[in-house]
Amino acid sequence: MTDAELLAAADAIAARAYAPYSKFHVGCAVLCRDGRVVEGVNVENAAYPLGVCAERTAFSRAMAEGHRPGDFVLAAITASPCGGCRQWLAEMGVERVVFRNGGRVVTMTPSELLPESFDSSDMA
Ligand code: THU
């Protein structure tokens, strides 16, 4: 699967976002090492801060399906990942991230997205 194909999957799943408040639909598609693709969308709540980003629903679903950090090759997102999701991308150990930002398609690693990040080694 190419980066463009995974981004197309993210674009398609974004239609299933539950975003009645922001009306901003986000899709995320994650390519796992075993070839499976796990998708997520943003899910908002009337209590605004309780909403969940598309990246987090995708990775939470992948974890529930048995995948673990390090099992993820590529994450495609229809928007630039927020700061908190950059921390999630780092925790999940995904190799690369491709996302739309304005009219551009950007590819970065989690450490480029979140340099000098906090991780488990900081608690050793
Ligand atoms: N959103 C995501 O799903 N992922 C991001 O990384 C950026 C923001 C969602 C959260 C909220 O439902 C909507 O976009 C507007 O902020």
Side-chain angles (χ1 to χ4, degrees):
M1 165 159 292
T2 66
D3 289 19
E5 285 169 340
L6 197 68
L7 195 52
D11 288 335
I13 200 69
R16 293 208 187 134
Y18 175 69
Y21 307 106
S22 73
K23 317 249 188 267
F24 186 67
H25 290 200
V26 182
C28 175
V30 179
L31 176 64
C32 305
R33 224 170 275 292
D34 64 7
R36 289 200 186 195
V37 173
V38 181
E39 297 165 324
V41 295
N42 54 328
V43 180
E44 297 185 348
N45 193 287
Y48 289 7
L50 299 183
V52 185
C53 289
E55 298 90 320
R56 301 183 209 189
T57 66
F59 280 108
S60 296
R61 188 177 178 181
M63 294 290 275
E65 289 180 5
H67 299 285
R68 282 295 173 265
D71 289 348
F72 308 115
V73 178
L74 180 65
I77 313 160
T78 59
S80 178
C82 76
C85 285
R86 293 177 188 219
Q87 181 73 33
W88 267 69
L89 292 161
E91 181 78 27
M92 293 295 116
V94 64
E95 286 177 14
R96 284 186 308 121
V97 184
V98 58
F99 56 95
R100 295 192 188 285
N101 195 358
R104 296 175 305 137
V105 173
V106 182
T107 306
M108 297 177 79
T109 63
S111 63
E112 288 169 340
L113 286 164
L114 191 65
E116 301 291 332
S117 68
F118 176 79
D119 64 27
S120 58
S121 68
D122 292 305
M123 291 185 288

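First listed ligand is number 1; within each ligand, the first listed atom is number 1.
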Any chance the side chains of Arg86 and Ser80 put a donor and an acceptor closer than 3.5 Å?
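Judged by distance alone, the side chains do pair up.
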Under 3.5 Å, is there a donor-acceptor pair between the Ser117 and Asp119 side chains?
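There is no such pair (donor and acceptor under 3.5 Å, judged by atom type) between the side chains of Ser117 and Asp119.
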Under a 4.0 angstrom heavy-atom cut-off, which atoms of ligand 1 come close to [X]?
X	value
Pro81	6 (O)
Ser22	13 (C), 15 (C)
Glu44	11 (C), 12 (O), 13 (C)
Glu55	2 (C), 3 (O), 4 (N), 5 (C), 6 (O)

Sub-4.0 Å heavy-atom approach of Cys28 to ligand 1
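Under 4.0 Å: no for Cys28.
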Could you tell me the residue and atom name of the protein heavy atom closest to [atom], and the distance to it rounded to 0.1 Å?
atom	result
atom 3 (O) of ligand 1	Ala54 N, 2.9 Å
atom 9 (C) of ligand 1	Asn42 ND2, 3.6 Å
atom 14 (O) of ligand 1	Phe24 CD2, 3.4 Å
atom 8 (C) of ligand 1	Cys53 SG, 4.1 Å

Just wondering, are more than 12 heavy atoms of other shown residues or ligands nearer than 6.0 Å to CZ in Arg68?
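Check passes, neighbour count above 12.
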Geometry only, no angles: is Cys82 polar-contacting ligand 1 at N/O separations under 3.5 Å?
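Looking only at distances, the answer is yes, because the N/O contact criterion of under 3.5 Å is met.
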As an exercise, state the distance from OG1 of Thr57 to OH of Tyr18, rounded to the nearest 0.5 Å.
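If we round to the nearest 0.5 Å, Thr57:OG1 and Tyr18:OH are 14.5 Å apart.
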To the closest 0.5 Å, what do you measure between CD (Glu55) and CD1 (Ile77)?
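Answer for the CD-CD1 pair, Glu55 versus Ile77, is 4.0 Å.
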Kindly indicate whether atom 16 (O) of ligand 1 is approached by any protein heavy atom to under 4.0 angstrom.
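For atom 16 (O) of ligand 1 the answer is no, since every protein heavy atom stays at 4.0 Å or beyond.
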Take the angle between the ring planes of Phe59 and Phe72 and call it parallel below 30°, perpendicular above 60°, tilted in between.
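Taking Phe72 first and then Phe59, their aromatic rings stand perpendicular (interplane angle over 60°).
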Tell me, with the steps shown, if Leu114 and Gln87 meet side chain to side chain contact (heavy atoms under 4.5 Å, CB included).
CA-CA 7 Å; Leu114 191 65; Gln87 181 73 33; 3.4 Å; yes
Report yes if some heavy atom in the side chain of Met1 is under 4.5 Å from a heavy atom in the side chain of Leu74; otherwise report no.
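No, their side chains stay 4.5 Å or more apart.
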